[in-house]
Amino acid sequence: MNWQCTLVACLITAACFAQQEKEPPRSSEPAIAARPSEQDKARAAVKAPALNVSEQEAAKAAVAFLDWAGASTAGQREEIRRMLEQASQYKAVAAAFCDEANRTAESDFTRSLLALSVLGEMRSPVGTNCFQKFLHRPLPEKGIVANGENVEQTKLAMLQAKAVDGLAYLRTAATDREVLWAVGKHPSRIVRAEAIEAYLWNHKDSKEARTTLLKYVQPKERVFVDRVRRDPAEEATVFNRKLTAFLKAHPEAVAPAPKRIEQKGEAAKPPKEDEPPVR
Amino acid sequence: MTNSWKVKLAVCLTVLFSAVAMSANCNQTTASQADKDLWNTHGCWQEFFLWQYQAYDMRGSDWGSRGWNDACNVNKEYPKHWNASYLLTYGLQDNWQFSFHGTVDYRGTAERWDNQFHDDLYHTATDDTSIFGSFSTHFFGPNEVKTSCLLYDPNLATNANPGSRAGDFNHEGWHGWMDKYNWDNGSCGGHRCGTPGNCTAKDACDYFYFHGIGAYAFGAMWENNGTASRFHSPNQVQVEFLCDVADYPQSWVPNSVRLAAKSDANTRASTRFINGPGYFCGDPRPW
């Protein structure tokens, strides 16, 4: 009779699953009555933690600032830029941002990216060394491969791309040399592409900058120098004009016509050529 | 034991086996800063997730071990799924002078209902880390959008953030569009095989069908004219969504979410297109 007991257990499990199928998700936490929009104002009013602190307090202040900056809103972008510009000489804080970027590079890409962004915007001399070290870290050879992509390589390369942004924004001869090295020699396309864009933008998209870049860029990647940038402040007409010019200069960038799925049993099309197929 | 009883027993054992197989292995003890920052903008809005699970046709039997009964715990997969839906549903400015597409397009692509974007679909999760996500057609019942642990566990990949996750809902949903209208986007999981042209992501390559701002009215992203002048590929829809999050979000969207979306958009635009690169979103200023 053991099989009958098993059967009963199975039926109970199946019934539980059928019940679970219909159950809505739930939480033991009390429901929040206020709508999210009602809390926006209060959140935007949270003051930024000070960066003007003693060396001993720098690490703590940097962590608190990153917590705040991550949660800060799109509307506070310019305010944060001003604060970071004023903090450019706070070397201990800049070093703490670098430490945080390194500490979280494996465990939380978004936090590490945030730390590199903040450090880059500071234009601190501490950033030069930090970004250089980041940029030259070897890409991991092993790791999870998903949809043709080594995700650990991608993770580091995306952070290195942000480090390149920081180097280019420092706009010194030495940091420009690093950026141009990355344009031609970095093993990741992600970093090379960002370096091209960062060099151009920081040199006001000048003709000279394009000429310089073309000396370094890999032959197959020359099209990246002409890439269309979606500048957030730019109106549709301006962007559309740029896009039209790009496609005119690069007809190879126009995709071929999409294809329908071929129906099974459809007659094969005869070749257009007069010659027989090559054996 | 009679044959009919043996059959019944086999069915029951299959159910049991499925239940065991459904237990999650994905790390559910942590969340990325971007997930936490977005979460804090709603503080676990129950009214929303009670709508969301229906809008995405999510089922307790698929998500039971992934935070279905702990829906306010941002470390779990189901809460992260609805956190991404929250961004997709409310987070865009929808400015017709600037945005590539509108919320109506992205919602139409990601949500369950049979519409001009796709046939019915439902959302599940998988521990398979050889994919970010997948779209599968089912002969009976709705089609399936799976999202992988890589979109939830910040220790594994960059994509474990709300923008990238919502971007994947659009990517997989767009395979549904390809299926609905019988378009052939390639035989490697619905993409071109190998690394043709300027694409470096093996077996995950698409074409970029460039279009200007305002080329599509909001709600018209599903349209095509059978030529490259009015068409989208899955990776392209994802890039355009991520660009819209990064550059034209609602004023309350956290900066950590925007930064991660921008980084994903530009990485994808540089690596996944045969005729690439796609557009560069925003400028390369660090902040």
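Convention: sequence-line order gives letters A, B, ...; per-chain numbering from 1.
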task = Check the pair A/Leu113, B/Ser263 against side-chain contact (heavy atoms from CB on, under 4.5 Å), reporting the backbone distance first and the verdict last.
result = CA-CA 9 Å; A/Leu113 186 75; B/Ser263 180; 4.0 Å; yes
key: Contact origin within B/Thr227 toward chain A - heavy atom pairs under 4.5 Å   = backbone
ask   = Between B/Gln46 and A/Glu29, is there a donor-acceptor pair closer than 3.5 Å when you use the side chain of the first and the backbone of the second?
value = yes
task = Identify the two heavy atoms, one from A/Ala146 and one from B/Thr129, that lie closest to each other, and give their separation to 0.1 Å.
result = CB-O, 3.5 Å
inquiry  = Using heavy-atom distances under 4.5 Å, tell me whether B/Trp252 contacts chain A through its side chain, its backbone, both, or neither.
reply    = both
Proximal component of B/Gln33, with respect to chain A [non-hydrogen, under 4.5 Å] = both
ask   = Hey, what do you get for CD1 (A/Ile144) to OG (B/Ser130), rounding to the nearest 0.5 Å?
value = 10.0 Å
key: Engaged part of B/Leu259 at the chain A interface, taking heavy atoms whose separation is under 4.5 Å   = both
query = Considering only heavy atoms, which portion of A/Glu106 lies under 4.5 Å from any heavy atom of chain B: side chain, backbone, both, or neither?
reply = backbone
key: chain A contact via B/Phe49 - which portion, at a heavy-atom distance below 4.5 Å   = both
Contact summary for A/Ser117 and B/Pro286, nearest pair of heavy atoms = CB-O, 3.3 Å
message = For a side chain to side chain donor-acceptor pair (under 3.5 Å) check, start with the C-alpha distance between B/Asn255 and A/Ser72, then their side-chain angles and the critical distance, and finish with the verdict.
response = CA-CA 6 Å; B/Asn255 277 315; A/Ser72 69; 2.8 Å; yes
message = Distance check, rounded to the nearest 0.5 Å: B/Asn155 atom CG versus A/Asp108 atom CG?
response = 8.5 Å
ask   = chain B heavy atoms under 4.5 Å from A/Ala71: which part of the residue, side chain, backbone, both or neither?
value = both
request  = Pick one of side chain, backbone, both or neither for B/Ile274, based on which atoms fall under 4.5 Å of a heavy atom in chain A.
outcome  = neither
message = Between B/His211 and chain A, with a heavy-atom cut-off of 4.5 Å, which part of the residue counts as in contact: side chain, backbone, both or neither?
response = backbone
message = Quick one: does any side-chain atom of A/Glu121 pair with a main-chain N or O of B/Trp287 as donor and acceptor, under 3.5 Å?
response = yes
ask   = Could you give the distance from CG (B/Asp35) to OG1 (A/Thr110), rounded to the nearest 0.5 Å?
value = 7.5 Å
Contacting moiety of B/Phe273, where chain A heavy atoms sit under 4.5 Å = neither
inquiry  = Determine whether a donor-acceptor pair (N or O, by modelled atom type, separation under 3.5 Å) exists between the side chain of A/Arg230 and the backbone of B/Phe98.
reply    = yes
key: From CA spacing to verdict: side-chain contact (heavy atoms from CB on, under 4.5 Å), B/Asn275, A/Glu252   = CA-CA 7 Å; B/Asn275 57 333; A/Glu252 77 282 3; over 6 Å; no
key: Heavy-atom neighbours of B/Trp51 CH2 exceed 12 at 6.0 Å   = yes
message = At a 4.5 Å cut-off on heavy atoms, which part of A/Ala69 comes close to chain B: side chain, backbone, both, or neither?
response = both
task = Would you check if the side chain of B/Asp184 reaches a backbone N or O of A/Ile261 as a donor-acceptor pair within less than 3.5 Å?
result = no
request  = May I ask you to decide if B/Gly186's main-chain N or O and A/Lys259's side chain share a donor-acceptor pair within less than 3.5 Å?
outcome  = no
message = For A/Arg229, which atoms come within 4.5 Å of any heavy atom of chain B: side chain, backbone, both, or neither?
response = both
message = Any heavy-atom pair between the side chains of A/Pro36 and B/Tyr86 that's under 4.5 Å?
response = yes
key: Toward chain B, the part of A/Glu149 with a non-hydrogen atom under 4.5 Å   = side chain
message = For the CE atom of A/Met158 and the CG atom of B/Asp264, what is their distance to the nearest 0.5 Å?
response = 5.0 Å
task = Say whether, by atom type as modelled, one donor and one acceptor occur between the side chain of B/Tyr248 and the main chain of A/Pro232 under 3.5 angstrom.
result = yes
key: Any A/Phe109 side-chain heavy atom under 4.5 Å of B/Ser32 side chain   = no
inquiry  = Quick check on B/Phe208 against chain A: is it the side chain, the backbone, both or neither that has a heavy atom closer than 4.5 Å?
reply    = backbone
ask   = What part of A/Ala44 gets closer than 4.5 Å to chain B, counting heavy atoms only: side chain, backbone, both or neither?
value = neither
inquiry  = Under 4.0 Å between a side-chain nitrogen and a carboxylate oxygen: does that hold for B/Arg59 and A/Glu23?
reply    = no
query = Using non-hydrogen atoms only, which part of B/Asp70 is less than 4.5 Å away from chain A: side chain, backbone, both, or neither?
reply = backbone
ask   = Just by modelled atom types, is the A/Lys155 backbone N or O under 3.5 Å from a matching donor or acceptor in the B/Thr158 side chain?
value = no
message = If I measure from the heavy atoms of chain A, does B/Asp203 come under 4.5 Å with its side chain, its backbone, both, or neither?
response = neither
inquiry  = Can you tell me which portion of A/Glu38 sits under 4.5 Å from chain B's heavy atoms? Options are side chain, backbone, both or neither.
reply    = neither
message = For A/Leu114, which atoms come within 4.5 Å of any heavy atom of chain B: side chain, backbone, both, or neither?
response = both
task = Flag the one option from B/Cys243, B/Gly214, B/Gly189, B/Gly226 with the top tally of heavy-atom pairs under 4.5 Å to chain A.
result = B/Gly226
key: Atom group of B/Arg285 that falls short of 4.5 Å from chain A, counting heavy atoms   = both
key: Interchain contact, A/Leu66 with chain B, by part (heavy-atom threshold 4.5 Å)   = backbone
ask   = Roughly how far, to the nearest 0.5 Å, is CG of A/Asp231 from CG of B/Asp247?
value = 8.5 Å
Check: A/Phe239 ring centre within less than 6.0 Å of B/Tyr279 ring centre = yes
inquiry  = The test is side-chain contact (heavy atoms from CB on, under 4.5 Å); show your working for B/Thr271 and A/Ile190 and say whether it passes.
reply    = CA-CA 7 Å; B/Thr271 57; A/Ile190 296 164; 3.8 Å; yes
task = Might you work through the side chain to side chain donor-acceptor pair (under 3.5 Å) test for B/Thr267 and A/Arg189, ending with a clear yes or no?
result = CA-CA 9 Å; B/Thr267 294; A/Arg189 155 75 64 77; over 6 Å; no
ask   = Would B/Leu156 and A/Val151 count as a side-chain contact (heavy atoms from CB on, under 4.5 Å) if you check the C-alpha gap in whole Å, the side-chain angles of each, and the deciding distance to 0.1 Å?
value = CA-CA 8 Å; B/Leu156 294 183; A/Val151 296; 5.7 Å; no
query = Is chain A contacted by the side chain of B/Ala269, its backbone, both, or neither, given a heavy-atom distance below 4.5 Å?
reply = both
ask   = Do the non-hydrogen side-chain atoms of B/Arg258 and A/Arg77 ever get within less than 4.5 Å of each other?
value = yes
message = Working to the nearest 0.5 angstrom, can you tell me the gap between B/Lys36 NZ and A/Asp67 CG?
response = 8.5 Å
task = Check each atom of B/Cys281 against the heavy atoms of chain A and say whether the ones under 4.5 Å are side chain, backbone, both or neither.
result = backbone
